[in-house]
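Working notes, beginning with the structure itself.
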Amino acid sequence: MRSEGVTAALHQHVGGWVETKHEVRAVLGDIGPDLLAFGPDVEHLAWAGVNVPSFLRAYADRIVAVHLKDLFTAGVTCAATDELDYRRATRPGRIWAEPGRGQLDLAGCLAALPDRFDGDLMIEVDVPALRLRESHQTAYDWALAVLPESVRRCASPFLRRHAGQLDSGPQPQARRTITAPERRSR
């Protein structure tokens, strides 16, 4: 794959095949860095009970991309206490939070990356806790306030191009769920 310019990276998720600290360590320990990089999802690591900045520092040399999102720790506690399945645990406002609104140390996660980290950073909100436009604006404002200047400079053409879209225009419509009988009739 590398000969084609593709780097394989482990991207763990709660509810997936690899979710816990021990599972991530086992996979990265058994498959060498020449074959498998690491693309952590910081919120899923935190949900799994991992000290995320420390874990990122331990694998910093293998990180090629990072999914940055925040979480509400009360939602994590509720999911465990009430034994909620993944779908119920991740309903709007439960676990997922816009960056800077939850309790995950995102600044610490960024600081744990190597000084000259040149991988991808993806700001992610799986299920918005806010109205969609407000969620986008919150993530955008957080990125401008927290991401290193070198990252903001690289992203600035994109941010400038999309900034006006966050400030004006109608609220996007919610997706319509198509039921099984409707799908068959189309």
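Quick note: residue numbers are just sequence positions, from 1. Everything numeric in this text was worked out from a predicted model, so none of it was measured.
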### Query
Can the ring centroids of Y86 and W47 be said to lie less than 6.0 angstrom from one another?
yes
### Query
Do V52 and D105 come within less than 4.5 Å of each other through their side chains, counting heavy atoms only?
no
### Message
Counting only heavy atoms from other residues, nucleotides and ligands, does the tally under 6.0 Å from CG of D82 exceed 12?
### Response
yes
### Query
Does atom CG of D115 have more than 12 heavy-atom neighbours from other groups under 6.0 Å away?
no
### Query
When rounded to the nearest 0.5 angstrom, what is the spacing between CG in L147 and CG in L68?
7.0 Å
### Query
Does any N or O in the side chain of E23 come within less than 3.5 Å of the main-chain N or O of E19, such that one atom is a donor and the other an acceptor?
yes
### Of V125, I123, D126, the residue whose pairing with K69 passes side-chain contact (heavy atoms from CB on, under 4.5 Å)
D126
### Task
Search all heavy atoms of P40 against all heavy atoms of A65 and return the closest pair with its distance.
CD-O, 3.2 Å
### Task
Using atom types as modelled and distance alone, determine if a side-chain donor or acceptor of E98 lies under 3.5 Å from a backbone N or O of D70.
no
### Query
Of all heavy-atom pairs between L36 and R62, which one has the smallest distance, and what is that distance?
O-NH2, 2.7 Å
### Query
Taking the side chain as C-beta and beyond, is there a heavy-atom pair between Q12 and D41 under 4.5 Å?
yes
#### Entry: L28 to A37 - nearest heavy-atom pair and separation
CD2-O, 4.0 Å
### Heavy-atom side-chain proximity of V24 to F55 below 4.5 angstrom
yes
### Query
Any side-chain heavy atom of V146 sitting closer than 4.5 Å to one from P99?
no
#### Entry: Test item: R94 and R88 side chains (from C-beta on) under 4.5 Å apart, heavy atoms
yes
### Task
Kindly determine whether D120 and V66 satisfy side-chain contact (heavy atoms from CB on, under 4.5 Å), including the steps that lead there.
CA-CA 6 Å; D120 294 323; V66 180; over 6 Å; no
#### Entry: Within-4.5 Å side-chain heavy-atom neighbours: R91 and V127
no
### Query
Is the backbone N or O of C109 less than 3.5 Å from a side-chain atom of R57, with the two atoms forming a donor-acceptor pair by type?
no
### Query
Given the rule in the side chain to side chain donor-acceptor pair (under 3.5 Å) test, do E124 and H67 qualify, once you have shown the distances and angles that lead to the verdict?
CA-CA 6 Å; E124 191 173 17; H67 283 209; 2.6 Å; yes
#### Entry: Test applied, side-chain contact (heavy atoms from CB on, under 4.5 Å); reference residue, F38; option that passes from V64, D61, I63
I63
### Task
With the side chain counted from C-beta on, respond yes when T73 and L104 share a heavy-atom pair under 4.5 Å apart, and no when they do not.
no
### Task
Output the distance between atom CD (E43) and atom CG (L106), rounded to the nearest 0.5 Å.
10.0 Å
#### Entry: Shortest non-hydrogen separation from G39 to A9 and the atoms involved
N-CB, 3.9 Å
### V50 and H44, any side-chain heavy atoms less than 4.5 Å apart
no
#### Entry: Pair H136 and W142, ring centroids less than 6.0 Å apart
no
### Query
Passes ring pair (Phe, Tyr, Trp, His ring centres under 6.0 Å), W17 versus H11? Steps please.
CA-CA 10 Å; W17 289 100; H11 183 76; over 10 Å; no
### Summary
Separation between OG1 (T90) and CG (L71), nearest 0.5 Å, reads 12.5 Å
### Query
Say you draw a straight line from OG1 of T7 to CG of L35; how long is it, rounded to the nearest 0.5 Å?
11.5 Å
#### Entry: Joint cluster assignment, W96 & L84, ILVMFWY side-chain distance < 4.5 Å
no
### Task
Determine, for R131 against E134, whether the closest basic-nitrogen to carboxylate-oxygen distance falls under 4.0 angstrom.
no
### Message
Using every non-hydrogen atom in the two residues, find where S135 and P128 come nearest and quote the distance to one decimal.
### Response
OG-CB, 3.7 Å
